[in-house]
Amino acid sequence: MSFKGFTTNIVHRDRLETIEHGSLHKPIHANVAYGYEDARELAAVFQGKQFGYSYGRQVNPTVTALENKISAMENGVATACFATGMAAIGSALFSLLRAGDHMISSSFLFGNTNSLFSSFANSAIDIDFVDATSVDAVIQAVTEKTKLVFVETIANPRTQIADLQAIGDFCAEKGLVYIVDNTMTSPYLFQPAKVGASLIVNSLTKYIGGHGNVLGGAITETGLYDWTKFENIYDPYKSGDPHKWGITQIKKKGLRDFGASLGPEAAHHIAIGAETLALRQTQQCANALAMTTFLDQHQSVKAVYYPGLKSHPQHQRAADLFRYPGGLFSFELADGVDLWELMNRFQVIVKSSNLGDNRTLSIPVAHTIYFEMGPERRASMGIDESLIRISVGIEDSEDLLADLQQAFIGCGG
Ligand SMILES: *Cc1c(COP(=O)(O)O)cnc(C)c1O
């Protein structure tokens, strides 16, 4: 049995395998070790000759059910879950790269990913950060040591969109591993397999979990990359389908050895959250369009960054690739409008970090997430001191618009 619809697939995925007692959710297996009647079977599981459960750091039935669900959502062949999105990215790259390798990354990155890659750069991995909104910058950065290219779909906070299709075509031509962080779009708005991604990152903390109550991350193998072309696969993992060697090595060298494993309770929360992903994101994107249309016409606003607006430099790309242009935007204030005065008047909109929550969240980017970088680096990244990022929730549109309106009126705008 398989289902056509995105949500039908999520809601009924667990039942495709037999579940204990006919339970409709995969139960929470709060368990670490597994006993076997036949010692040969235990050995076969350890040797990877047979699927089975060995030890909780590497594998757990509740987590496996979530991994299968994410593979189905992304149209991939296998998924490994991690304790957080950062653990997923760090463990994957650590398992695939070796000293002397070169990688190319978009310079428009989630702040902690940027910080992580800077640490890699100090640990013998050579990294070039390029403007990935055009494939040309990627082409120019390639060396014979280049192993992989890493991009995000919609960058946060300025919402630049990578040249996803052209970079995918280029990676395919050069035999490079292509990693796409799909967190901001989620598989509901965009499936990176369509542009040739080899591996997909999802922070499950954001839209997939969706309720701001649980952390998690995932790496999905799309099955599109032939790992026989990749020099860094260790011999024990070169068995079976070569389109899955990458995820096997990530599970062994990344998940097993680093141990940033997702717990079964967290996996359960994420699986429940994922059931309403499409419903939530549809409302979030509709709210985002209403709010940015309002702000775009407001005299107290200098600029609005949202791929759904025609003025956005990658508006057409977003329309071609994504179901909707996302639930996150940012805006800059006109001179003379006080950032703190405005934000402190928000009543519905919460002042908080995080994104992808059911609640609309706002954050003064330069003074929080990008504070550590200092004013010069911020200016070079196009982060204005008055930039406010909004992660749009599922509230009723009229309440969000009214909240913005009263806040501007309250500070004279
Ligand atoms: C939040 C985020 C991450 C990291 O995820 P955590 O679950 O918070 O560790 C990675 N990439 C993007 C694009 C994110 O927004």
Side-chain angles (χ1 to χ4, degrees), residues 63 66-67 70 74 79-94 105-120 129 132-133 149-162 164 179-190 192 197 199-220 254-255 258-263 265-267 269-271 273-274 277 281 284 288 305 307 322 325-330 352-357 361-363 365 368-370 381 383 389-393:
V63 177
L66 177 65
E67 289 172 341
I70 294 165
E74 284 290 11
T79 294
C81 280
F82 294 84
T84 65
M86 289 316 302
I89 297 170
S91 305
L93 291 193
F94 173 82
S105 168
S106 167
S107 51
F108 308 122
L109 282 181
F110 177 66
N112 300 150
T113 307
N114 186 70
S115 171
L116 173 73
F117 288 177
S118 304
S119 306
F120 278 162
F129 293 97
T133 56
V149 177
F150 185 102
V151 301
E152 295 180 0
T153 51
I154 305 178
N156 148 25
R158 283 280 308 269
T159 70
Q160 298 94 337
I161 299 173
L164 292 158
I179 306 184
V180 178
D181 183 334
N182 197 28
T183 302
M184 293 293 295
T185 22
S186 98
Y188 182 57
L189 301 189
F190 177 60
L199 297 168
I200 302 165
V201 176
N202 276 292
S203 165
L204 307 174
T205 315
K206 310 293 172 55
Y207 292 99
I208 293 180
H211 294 71
N213 61 344
V214 61
L215 291 157
I219 302 287
T220 299
L255 183 62
F258 261 120
S261 319
L262 186 70
E265 292 86 358
H269 279 303
I270 294 163
L277 173 62
Q281 252 186 332
Q284 284 160 331
Y305 304 103
F322 307 150
L328 183 133
F329 68 85
S330 56
S352 171
S353 60
N354 194 21
L355 57 94
D357 197 289
L361 310 175
S362 62
I363 191 159
V365 180
T368 53
I369 305 170
Y370 288 86
M381 295 178 77
I383 308 289
R389 183 189 81 188
I390 305 279
S391 167
V392 182

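Atoms within each ligand, like the ligands themselves, are counted from 1 in listed order.
- Applying the side-chain hydrogen bond (donor to acceptor under 3.5 Å, both in side chains) definition to pairs two or more places apart or across chains, none involves residues 83-94.
- Asp181 is listed as a side-chain neighbour of Ile89, based on a closest heavy-atom distance under 4.5 Å.
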Give every donor-acceptor pair under 3.5 Å between a side-chain atom in residues 109-119 and any protein atom, sequence neighbours left out.
| residue | atom | partner | partner atom | Å |
| --- | --- | --- | --- | --- |
| Ser118 | OG | Asn114 | O | 2.9 |
| Ser119 | OG | Ser115 | O | 3.2 |

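- Under the side-chain contact (heavy atoms from CB on, under 4.5 Å) test applied with Ile219, the options Asn202, Ile70, Val201, Thr79 reduce to a single match, Val201.
- The side chain to side chain donor-acceptor pair (under 3.5 Å) check on Thr133 picks up Asp131, with sequence neighbours excluded.
- Closer than 4.0 angstrom to ligand 1 lie heavy atoms from Thr84, Gly85, Met86, Ile89, Phe110, Glu152, Asp181, Thr183, Ser203, Thr205, Lys206, Gly216.
- Looking at every heavy atom in both residues, Ile208 comes nearest to Ser186 through CG1-CB, 4.5 Å.
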